[in-house]
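What follows is a single structure, written as structure tokens, with notes after it.
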Amino acid sequence: MWPLFLAWRQLFPPGRFPVFASVSILGVAFGVAALLVVQSVMNSFGEEHRRRVRESYGDVVLRIPNSTAPLELLESPASLPGVAAVAPYIEGNVVLLPDDDKLQFLRVRGIDPEKEGQVTPLGRYFASTNGAGSLDALDDERVIIGSQLARTLSVGMGDFIEVQSVAKIRQMFDGKKRMPLKRLEVCGIIHTGFTPADANVILITLRAARDLFGVSKGYAEASHMRLVDHRQAPAVAKEINGNLGPPFVALPGLAFRAVFLEAVEMEKQMLFFLMFIITLVASFSIGSTLFSHVVRRTREIGLLGALGAQSRQILRLFLAQGVIIGILGYGIGTGFAVLLLHFRQEIVRLFGAEETMSKQYMFDSVPLHYNPDDFLKAAALTLFLMTIVSLLPAFWAARRKPSEAMRDVG
Amino acid sequence: MLDENLPDGGIAVAPPPSSELPVLSAMALVKSFKTPRGALSVLEGITLEVAVGEFVSIRGASGSGKTTLLQILGGLDQADGGELVWNGERVTGRDNAFLAKLRSRWLGYVFQAYHLVPELTALENVTLAGRIAGHPLCEITPAACDLLERVGLLSRAGHLPAQLSGGECQRVALARALINKPRLVLADEPTGNLDERTGAGVMDMLLELTRSEGVALVLVTHNEAFAQRAPRALVLANGRLTA
Ligand SMILES: Nc1ncnc2c1ncn2[C@@H]1O[C@H](COP(=O)(O)OP(=O)(O)OP(=O)(O)O)[C@@H](O)[C@H]1O
Ligand SMILES: [Mg+2]
């Protein structure tokens, strides 16, 4: 027990400011904080991207590629255990003609307002600061649009937009007949905070979409579903594929953005690797401070030997100092990281980076998802590195001959 | 071979430390150091026996090898040749771990430069020696307080070495040397850093403590008067001890 006691005292000598300990502990703490902040932010981006993708695609998507399908089949997974809700939809490209002469191509989605609300958390997004209206107000003559799209088009609640499907415009050019534009009143503006959604979403009813895209009654293009546990998506998709068989295809929602999500995950791993290298460099500089801290105590090492201390106890004495620095540094570093992450929004604002955030990372606020694994990884790494760098001076100390150590003039 | 006189059926494993055995006996110890200019022979056949409770002083010119001799006698360094026996147990050639263990149990050291641990209080410096010898803190603390009282420093028990004078530090070191109830104290110029009056005080204390506890003392000193207080005053010169 005495090596631990003495280790603590040598790090925190009574009546004196613990210069060596504070500098080393802060060094570890900053390293740990940097590692945790980077990992948590990257993890949050990944987690947030996955959530958004799940929210816009649903946990599982069922469809016949390049075709429509009868509603009763599209909605059949509703009876499966683990499936919480199913909603059919029709998607298609439209031309949008605002009052000025800008022409826009957009993808609209026709939904069943009642069922859609069960699958995606649409209802939530009307309530936010930039949102308005509600899902219930949607009928065949009305439309719900994303907040950024509303801004680009300069339309608000109660304004009208005019659209026509690309297919029907083609028919018009072929000279078949005149196709009047479809006038829709804006009855809802949603703000998700996820740029791709806010800039592109146009929601109409399933019936209006059938009209626009020429889909028969009782048919839709696809259905998507919410699961009780979204992690079951691959299993449920497999089960549906087994039940319905070709030409039906069921896919987890995440699969639609797999490449993108992999890139995000890859980015996190690369950053971890970079941080690891930086931490390694920092550890060695702490190691060298530790070494001079030990060398300065050569005479004390000799004394302990004279008093009968065993080599392994001397080893433990200095190893313990490295480990104590590691543990305290990790604790304080975690505190720093949590503090920094708590004020992340303010920090981003301080650097005037909000605009870039929304453009590059597609969020207008910095999301936060802690991952316990990141913290465990950082703890293991800190302890490992501090043990390694203190082993060297500790071994050096343990191998001193007391007779020579006591003659040391330092 | 059975011996009727031995109490446990005649199997003599390790002789119990008996009062007849000398606490320390050294035979023909030889030591030389390698230097860039060849070997420097420091000890050239030291033979010394210290009986239980005996007080031996050693004088010698600076560089004559007194510190080297004490380090070898205390097992901090190994002789190149000769034999060393502690309490009847031959320790020549034993490994460091074994020597360290024995050293902590029955040997006390006092050094010229006190060698207190600067981060520990007077009391903690004394108890540290006890803890190294394997005694639990709660057991050793009363004994440490008792010793500090006997060296007149109980009221300073919570002070750090930096807050104590040289003489006071050395008195703490005396208490530390005695905390494990050693059978032998090796003192290397314990008054070398102190003025005459303080030195005399420390010396009185050292002699009083060792005598009252029946602890043998080997004292290395430059001070003629202190050396003459020993019943057996030796001189180290040319690598040999002479009376
Ligand atoms: N590790 C070593 N390597 C080389 N020479 C050494 C070593 N240790 C001691 N010596 C030499 O051995 C001789 C004896 O040293 P020692 O310290 O024992 O003398 P001393 O009698 O204690 O002297 P002092 O009275 O000044 O303390 C000295 O000449 C010293 O230079
Ligand atoms: Mg000396």
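By convention in this document, chain letters (A, B, ...) are assigned in the order of the sequence lines, proteins followed by strands, and residues within each chain are numbered from 1.
The part of A:Arg297 that comes within reach of chain B is its side chain, from C-beta onward, which places non-hydrogen atoms under 4.5 angstrom from that chain. Heavy atoms of B:Leu120 lying under 4.5 Å from chain A belong to its backbone as well as its side chain. With a threshold of 4.5 angstrom between heavy atoms, A:Phe12 does not approach chain B through any atom at all. Heavy atoms of B:Gln163 lying under 4.5 Å from chain A are absent altogether. Both the backbone and the side chain of B:Thr68 come within less than 4.5 Å of a heavy atom in chain A. A:Gln10 touches chain B through backbone and side chain together, each having a heavy atom under 4.5 Å away. For chain A, no part of B:Arg105 is nearby; none of its heavy atoms comes within less than 4.5 Å.
Judged by distance alone, the side chain of A:Gln310 and the main-chain N or O of B:Ala97 form a donor-acceptor pair under 3.5 Å. A donor-acceptor contact shorter than 3.5 Å links the side chain of B:Arg103 to the backbone of A:Gly305.
Counting heavy atoms of neighbouring residues, nucleotides and ligands inside a 6.0 Å radius, atom CG of B:Asn238 does not exceed 12 of them. Under a cut-off of 6.0 angstrom, the local environment of CZ in B:Phe98 is crowded, with over 12 non-hydrogen atoms contributed by other residues, nucleotides or ligands. The local environment of NE2 in A:His342 is sparse, with at most 12 non-hydrogen atoms from other residues, nucleotides or ligands closer than 6.0 Å. Residue B:Phe33 places its CZ atom among more than 12 non-hydrogen atoms of other residues, nucleotides or ligands, all under 6.0 Å distant. In this structure, A:Lys401 places its NZ atom where more than 12 heavy-atom neighbours from other residues, nucleotides or ligands lie under 6.0 Å away.
Atom CD1 of B:Ile132 is separated from atom CG of A:Leu303 by 7.0 Å, given to the nearest 0.5 angstrom. To the nearest 0.5 Å, atom CG of residue B:Asp95 and atom OG of residue A:Ser311 are 9.5 Å apart. Atom CG of B:Leu128 sits about 6.0 Å away from atom CG of A:Leu6, to the nearest 0.5 Å.
Among all heavy-atom pairs drawn from A:Arg9 and B:Thr121, the shortest one is NH1-N, 4.4 Å. Nearest heavy atoms, A:Gly308 versus B:Ser104: CA-CB, 3.8 Å. For the pair A:Ala306 and B:Tyr109, the tightest heavy-atom approach, listed with the atom from each and the gap, is O-CD1, 3.9 Å. A:Ala309 and B:Ala100 make their closest contact through O-CB, 3.9 Å (heavy atoms, listed as atom of the first residue, atom of the second, distance). Contact record, A:Pro402 with B:Leu76: CB-CD2, 3.8 Å, taken as the closest heavy-atom pair. In terms of heavy-atom proximity, A:Trp2 sits nearest to B:Arg131 at CD1-O, 3.7 Å.
Side chains of B:Leu160 and A:Pro14 form a contact here, defined as non-hydrogen atoms less than 4.5 Å apart. Counting only heavy atoms from C-beta outward, the side chains of A:Arg407 and B:Gln71 approach each other to under 4.5 Å. Contact of the A:Glu300 side chain with the B:Glu119 side chain is registered, since non-hydrogen atoms from C-beta on lie closer than 4.5 Å.
For chain A, the option among B:Gly74, B:Gly75, B:Pro118, B:Pro136 with the highest count of heavy-atom pairs below 4.5 Å is B:Pro118.
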